[in-house]
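First the structure, in the form of structure tokens, and then the observations on it.
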Amino acid sequence: MSDEKKKLRSVAGVIRSKNAGPYEITFDIIFDSYPLFESVVRGGSLTEETVARLYKVPREKVVGIYHYSPAKAVKITMERPRPSGSLGETDVYGAQQHAPLLDLEVELG
Amino acid sequence: MEEIRMLAPTAILGYGFPLDSFMRGMEEKPHLIGVDAGSTDPGPFYLGKGKSFTDSVAVRRDLEVILDAACKERIPVIIGSAGGSGANVHLDWNEQIVRDVAAEKSLSFTMARIEAEFSRDYLHARQQAGDITPLPGVPPLTEKEIREATRIVGQMGLEPVQEALNDGALVVLAGRAYDPVCFAALPVLRGFDPGLALHVGKILECAAIASTPGSGRDCMLGILRKDHFLLRPLNPERRCTPESVAAHSLYEKSDPFHLHGPGGKLDLRETQYEQHDEQTVKVWGSRFVPAPYSIKLEGARPVGYRSICIAGTRDPAMIDNIEDIIKGVESSVADNFEETEAYLHFHLYGYRGVMGELEPLQQKAHELGIVMEVVAPTQKRANTILSFARSTMLHYGFPGRISTAGNLAFPYSPSDLEAGEVFEFCIHHLLHNVDPREPFPVKLEQLGGITV
């Protein structure tokens, strides 16, 4: 696998979002296999910049991207637009913010 | 002691569990039953208002099964973050259910109640002394938040629960507590490795969620030994796999390698997961790294009263012009009501309704669901302003309007609903230079006569 682009949902069995406490939201992308996980990590598409652009937030709002091999997962954590449940809230649990990741094209390296 | 067996019946007290799974767990002769009752996920209302997000009938059912079994075997039951948010009012609520169950079933045990609420004066002094720092994404704490929060809780660590167990409590009802505490307190007291104890506690507090298929409403067994632990779901239809358990380390956490808690962090960088038998996973290598003691504080303050109106539109011109129409309604409300405290908001389902400013797609659906919302200093005021905004939008004139009888479809009569008091989180900070036990007083009481 090299120089190939795939939609994230075609290589990951789990793509989810959830609050990590009331002030942060975290995205878990769990890949279908270790080779796919490693290939997406090598491809280097899942960066702070990509996530910031996708969600239209400043780069510094993305607080971390972690490659977690025991679960063949990539984890992305960013600040919530507002603390959970504050005025203007659209998703108290943060469980429905994952959809833009589904069709994100990632390089396989 | 070679091993400690821990039974986790359910992810949240009141979520329920199959009796068969629970009985299978009891056959393993567990040394303790732990239940974490808490979460901030349901939002700021429950801490702010002092309500539980679980139902008292459901909590009572879970406790009837758990307390009955624990009293027969004389094993401790440890409930963390009682009542969901773990303030005194939540403890009162949960304590009454424990008392009712004990009386109904003629159970005898020593109960410990551990409070986790902090006084404003105490926190004000600590804030002045520079002992309170914000968690990521949170502004620094000021006197205003301390004054406005209806109640402020802190997450206790292992020590207050260990004190209660040392004093002979069979049922420990703890206020706000760090999630793994209801499992990790006893084994660490008995000399087991704190890294492994906290890690197994972190997984068990979600019961069978870390199995596959996962469930928060089913039981899990944790077996902690000197240098590893085992996890096994207690329903034959589920199994733990290295992936299911490892993936749980991601769940609801910002960083999968480092989990911060009172007195240190759990370092999972060297953790190994291995299939032990068909249903069971073996875990080792998790380390506890001590740090100066700090306690996470949580508080929510009232922001007013909410009224909402649910409506829809199927009119293409209305949908095309929806932003301008909303601006028009807003300015009409501003012209008619002077107060600036009222908050008026339109949720548009079919147009960025779920993601708001994070939504990358800007197209509109062929129909829009509209939730009009007003938050004002009193319920009456919120009702009045909502009524004005709703009728303004219903009859609002806009360019290209053809459907001149009314712009909105209402599913309900009355169209406007009172949603009650509204809160927001305002404290999510760390308190430093603090004793692990002093803020969390332990009170013991004997229930139901003489203990055998």
Side-chain angles (χ1 to χ4, degrees), chain A residues 13-14 16-34 51 53-57 60-61 63-101 103-104, chain B residues 39-48 134-139 242-258 268-269 271-273 283 285 296 298 300 303-304 306 343 345 347 349 352-361 371 373 375 422-428:
Chain A
V14 174
R16 66 187 180 194
S17 67
K18 185 83 193 276
N19 292 348
Y23 289 77
E24 289 179 334
I25 185 160
T26 191
F27 301 90
D28 298 337
I29 303 157
I30 304 179
F31 292 91
D32 290 334
S33 70
Y34 283 98
V51 174
R53 199 166 54 242
L54 194 60
Y55 285 93
K56 304 183 295 175
V57 297
E60 61 273 15
K61 296 283 179 193
V63 295
I65 294 190
Y66 308 92
H67 303 137
Y68 188 61
S69 58
K72 45 184 179 5
V74 173
K75 185 176 196 53
I76 302 160
T77 301
M78 65 183 205
E79 281 179 30
R80 284 177 126 272
R82 58 184 63 71
S84 164
S86 301
L87 297 183
E89 180 61 77
T90 61
D91 186 359
V92 170
Y93 287 65
Q96 281 294 306
Q97 305 301 307
H98 62 291
L101 289 167
D103 291 327
L104 181 68
Chain B
S39 178
T40 55
D41 270 340
F45 174 81
Y46 301 94
L47 174 59
L135 281 153
V138 185
E243 287 85 2
S244 76
V245 175
H248 186 72
S249 303
L250 301 165
Y251 189 60
E252 299 177 336
K253 297 162 190 83
S254 51
D255 175 345
F257 299 108
H258 302 101
L268 302 182
R269 284 177 301 175
T271 304
Q272 303 281 314
Y273 305 85
V283 183
K296 189 195 277 189
E298 297 166 342
V303 290
R306 177 180 279 139
Y343 172 83
H345 188 71
H347 296 267
Y349 289 95
R352 310 190 310 172
V354 173
M355 295 190 60
E357 62 264 64
L358 298 181
E359 177 61 75
L361 297 181
V371 178
E373 168 190 6
V375 178
V422 181
F423 293 83
E424 68 181 9
F425 285 116
C426 62
I427 300 179
H428 192 64

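Only a predicted model underlies this, so the values are computations on that prediction, with no experimental measurement involved. Per chain, numbering begins at 1; letters A, B, ... match sequence-line order. Basis for what follows: all heavy atoms, side chains included, without hydrogens, waters or symmetry-related copies.
For chain A, the nearby parts of Y251(B) are the backbone and the side chain; heavy atoms of each come within less than 4.5 Å. Contact of K61(A) with chain B is not made at all, since no heavy-atom distance falls under 4.5 Å. For T90(A), the parts sitting under 4.5 Å from any heavy atom of chain B are the backbone and the side chain alike. When heavy atoms are compared at a cutoff of 4.5 Å, E298(B) does not approach chain A at all. Using a 4.5 Å cut-off between heavy atoms, V354(B) touches chain A through backbone and side chain atoms alike. Looking at N19(A), the atoms closer than 4.5 Å to chain B (heavy atoms on both sides) sit in the backbone and in the side chain alike. Using a 4.5 Å cut-off between heavy atoms, R80(A) does not touch chain B at all. With a threshold of 4.5 angstrom between heavy atoms, E79(A) approaches chain B through side-chain atoms but not through N, CA, C or O. For I30(A), the part lying under 4.5 angstrom from a heavy atom of chain B is the side chain only. Contacts of H98(A) with chain B are absent, with no heavy-atom separation under 4.5 Å from either backbone or side chain. Looking at V371(B), neither its backbone nor its side chain comes within 4.5 Å of chain A, counting heavy atoms on both sides. Neither the backbone nor the side chain of R269(B) comes within contact range of chain A; no heavy atom of the residue lies under 4.5 Å from a heavy atom of that chain. When heavy atoms are compared at a cutoff of 4.5 Å, V63(A) does not approach chain B at all. For F27(A), no part lies under 4.5 angstrom from a heavy atom of chain B.
Chain B forms more heavy-atom pairs under 4.5 Å with one residue of K56(A), K75(A), K18(A) than with any other, namely K75(A). The choice from A95(A), G88(A), A73(A), A99(A) that makes the most heavy-atom pairs within less than 4.5 Å of chain B is G88(A). If you tally non-hydrogen atom pairs under 4.5 Å between each of G64(A), S86(A), P81(A) and chain B, the highest count goes to P81(A). Ranked by heavy-atom pairs under 4.5 Å with chain A, the list S249(B), P360(B), P256(B) is led by P256(B). Across H345(B), R352(B), E359(B), E357(B), the residue that shares the most heavy-atom pairs under 4.5 angstrom with chain A is E357(B). Looking only at heavy-atom pairs under 4.5 Å with chain B, the residue among Q96(A), K72(A), R16(A) that has the most is R16(A).
With a 4.5 Å cut-off on side-chain heavy atoms, T26(A) and L250(B) do not count as touching. Inter-residue side-chain proximity for D255(B) and T77(A) is flagged as unmet; no heavy-atom pair is nearer than 4.5 Å. Put simply, the side chain of H428(B) reaches to within 4.5 Å of the side chain of P22(A), judged on heavy atoms. Residues L87(A) and R306(B) form a side-chain contact, since some pair of their non-hydrogen atoms from C-beta on lies under 4.5 Å apart.
Contact detail for S254(B) and Y66(A): the closest heavy-atom pair is O-CE1, 3.0 Å. Of all the heavy atoms in S84(A) and G43(B), the pair that sits closest is OG-CA, 4.1 Å. Heavy atoms only, all atoms of each residue included: P44(B) and G85(A) are closest at CD-CA, 3.8 Å.
Taking OH of Y34(A) as the reference point, atom CD of E243(B) lies at 4.5 Å (rounded to 0.5 Å).
In this structure, F425(B) and Y23(A) have tilted ring planes: the angle between them lies in the 30° to 60° band.
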